[in-house]
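In what follows, a single structure is set out as C-alpha cells and then discussed.
These numbers were taken from a predicted model, which means no experiment stands behind them. Start at 1 with the first residue, then count along the sequence. Below, each value reflects all heavy atoms present in this structure, side chains not excepted, and no hydrogens, waters or symmetry copies.
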Amino acid sequence: MFTKVSRKQHVARGFKVAVAALAAVGLVSGCAAAEAGTDNSKTFDWQAYKGEELNLLLNQHPLAETLKANLPEFEALTGIKVNIETLPEGDYMTKITTELQSGTGSYDMFMTASPMNFQYAAPGWIEDLQPWVDDATQTSPDWDFADFYPALISASRWDKTDFGGAGQGGLWSLPANEEGYALFYRKDILEAAGIAVPNTHDELIAAAKKLNGTKFEGKTISGFVARGDKTFPTLNPFSTFAGAYGAKDIVDGKAAVNSPEGITAVTKWAELMKSAPKAASTYTWYEAMQDFIAGNSAFFIDADHMAPGFEAEDSPIKGKVGYALPPEGPNGRSSSLWVWSFGMNSASKHKGATWQLMQWATSKETLTKAIGLGNMNPTRVSVANSPEMVEATSTWGDYNTTWQNILADYAAWPYSPSATWTEVGDIWATAIQAVITGQSGVKEALDKAADKIDAAIK
C-alpha cells in the first residue's frame, strides 16, 4: 500500500488546462434535463441530487489529494457539497472500520481495497455497486465501465464465500489507483559496479550482497531495502517474492504459510533482507520509499506507482532509477496487486449522490487529470495509454511499459478472500519480521503462525 507522497507535484503542467477543459466537456455531455430515478423512462442527470451533502473519509494518499484538488469541478457540475476528512493510514484503517461497524452512515464514501472489501462485505457494511452500474437512470452513458482493466474489476468482486469466490459476485468498489510490484534499481550504481539488472531471485540476492556496505559517490549504501513492519501491508512486496515459489496463505481452509514453499520463500526473503538497513525490519512503505529516494539503497521492491516520488524535480535520484519486472523464482514471475478504490457505505442516506461522486472520481477525465498530480497508475486502459500518461513518464525509461506489463501478465490479488484475512495477514507478517530480526528460525516462526492462523479462521 502506498500513501501520500510529498513530492507529488512533479510533472510538467503544460497539459493540465487542456485536460480540465476536456473533463468539463466530457462529463457534462452525459447530462439530461430529466430528474434521475428508478423509472427507466427517465435518463441520467448530474443535477438529480442537487443540494445534498456528502461526507468522505479517506486515507492520506495521492488519490485523496487529487480528489480534493478537482472537487470544485464536481460540486459545480452536480450542486452536491462534499466534505473530506483524511487520516494517516493506520488511523484511517481503524476509524473506517469502526464507523462502518456502527451503522450510522456518518461517512458516505471511503477508500478501500480487496482485503477491506472482504472484511466489510461479509457483515453487509459496504454497498454492492453492480446494481448501480447497471441502472441507466443512475449511471452516465459516457462513464464506460468496460474501460477499466479487467484484472482490477475482478479484484473488486467477491461472492462472500469464505476462502473462495474471488473475482465473482458483488462489485464492492470502483478502482481508482493501481499498484503492481516492480524491481526498482539504481542504474548508475549498477553501471559503476558492472552488475547487470537481476532477472532471478538468486541474481538479486547476489547483487544486493555484493553492493551492501560499499561506497558510491561518498555514501555507504545498502544493497536492498523493503518494508519490514509486522502488519499485513508489508506482505505485498514479500508476496511478490513468495508467489514465485508457489507459496500460499491458506489452502483448503487451513494455513499453508509453513508449507515447504512458504518456508523456502521466507528463507530467501530473509537472505535478501540481510542486505537491507537494520531498521528496515520496522519500515512501512513510507520509510522504505524515503530510504530509496535519499539514495541509500541500490535495489527496492514495492509498488510501481512510487515512481513519481523518485522522478520529482527535487528528488536526489531523479533520472537514475530503472524499472524492471519482479525477478523470477522457481514458479516464474509473480506480482502482488493492491487496488485503492472507492466504496459506498451501505448505511449512507445519500446513495444516489454518492454514486454520482464515485462515477465522476473514476471517470476517464478525472483520472487523466490525476496524472499531473501524482496519482498513478491509472485504472483505465484509455488513460494508461493516453498522450498525457506518455508525456508524464517520457523521461522515466521503461516505466510506462513495465507497469502495464506487470498488470497484464503477473499482477493478481494473491491471498484467500475472507472476512478475517487482515488478521491472518498480520500474523504472517509478524512471523516474517521475527525471522528477519533473528528472533526465530524460519520453520519455528511459520509453524507458530500457522497455528494462530488456523485458530483465527475457525
Side-chain angles (χ1 to χ4, degrees), residues 1 38 93 96-97 99-101 103 105 107-139 143-180 232 235-236 239 243 248-254 256 335-348 351-352 354-355 357-359 361-362 379-381 407-408 411-425 456-458:
M1 251 175 330
T38 57
M93 294 292 192
I96 189 59
T97 302
E99 289 291 336
L100 292 175
Q101 189 174 23
Y107 296 95
D108 301 287
M109 189 177 97
F110 54 92
M111 283 171 61
T112 183
S114 295
M116 300 159 71
N117 288 348
F118 304 151
Q119 184 180 6
Y120 305 154
W125 300 342
I126 191 170
E127 182 87 357
D128 179 1
L129 301 176
Q130 192 61 52
W132 293 90
V133 172
D134 296 337
D135 189 341
T137 70
Q138 299 288 349
T139 300
W143 185 57
D144 194 4
F145 181 64
D147 187 45
F148 289 104
Y149 279 100
L152 305 184
I153 294 299
S154 179
S156 303
R157 292 193 186 279
W158 183 44
D159 67 5
K160 298 197 278 189
T161 300
D162 229 15
F163 312 115
Q168 304 174 47
L171 178 69
W172 304 108
S173 57
L174 294 181
N177 173 273
E178 183 272 345
E179 297 179 18
F232 74 84
L235 293 176
N236 284 332
S239 64
K248 303 286 186 183
D249 55 351
I250 296 166
V251 176
D252 296 330
K254 286 185 63 66
S335 169
S336 188
L337 177 67
W338 186 272
V339 189
W340 272 121
S341 307
F342 293 121
M344 184 191 301
N345 189 343
S346 62
S348 169
K351 291 183 180 179
T354 302
W355 177 241
L357 177 58
M358 296 177 80
Q359 289 178 77
T362 59
T379 53
R380 287 179 171 274
V381 175
L407 177 58
W413 176 250
Y415 313 116
S416 303
S418 168
T420 58
W421 191 85
T422 55
E423 183 180 356
V424 169
I457 64 180
K458 287 176 183 176

CG (D144) and CD (Q359) are apart, to the nearest 0.5 Å, by 12.0 Å

Taking all non-hydrogen atoms of both residues, which atom of N345 and which atom of Y107 are closest, and how far apart? ND2-O, 2.9 Å

Taken to the nearest 0.5 Å, the spacing of K254 NZ from K458 NZ works out to 5.5 Å

For S348 and T354 the tightest heavy-atom approach is OG-OG1, 3.8 Å

Quick one: list whatever passes side-chain hydrogen bond (donor to acceptor under 3.5 Å, both in side chains) with W132, sequence neighbours left out. E127

Output the distance between atom CG (N117) and atom CD1 (I126), rounded to the nearest 0.5 Å. 4.5 Å

Which heavy atom in W158 sits nearest to a heavy atom in F118, and how many Å separate them? CZ3-O, 3.3 Å

ring-ring contact (aromatic ring centres under 6.0 Å, His included) against W125, all qualifying residues, sequence neighbours excluded: none

Look only at the side chain of T112 and the backbone of G343, and say whether a donor-acceptor pair between them is shorter than 3.5 Å. no

Near K248 NZ, under 6.0 Å, is it more than 12 heavy atoms from other residues, nucleotides or ligands? no

Could you tell me whether the side chain of L174 reaches within less than 4.5 Å of the side chain of W355, counting heavy atoms only? yes

Taking atom types as modelled, is there a side-chain donor on S418 or S416 under 3.5 Å from an acceptor on the other? no

Heavy-atom closest contact (Q138 atom, G352 atom, distance): OE1-CA, 4.4 Å

Shortest non-hydrogen contact between L337 and A411, atoms and distance: CD1-CB, 4.0 Å

Closest heavy-atom pair, A155 versus V339, reported as atoms and distance to 0.1 Å, is CB-CG2, 4.4 Å

Applying ring pair (Phe, Tyr, Trp, His ring centres under 6.0 Å) to W413 and W421, what does each step give before you reach the verdict? CA-CA 12 Å; W413 176 250; W421 191 85; 5.6 Å; yes

Applying side-chain contact (heavy atoms from CB on, under 4.5 Å) to S239 and not counting sequence neighbours gives S336, P414, Y415

Roughly how far, to the nearest 0.5 Å, is the CE atom of M344 from the CH2 atom of W172? 12.0 Å

Taking the side chain as every heavy atom from C-beta outward, state whether F145 and L129 have any atom pair closer than 4.5 Å. no

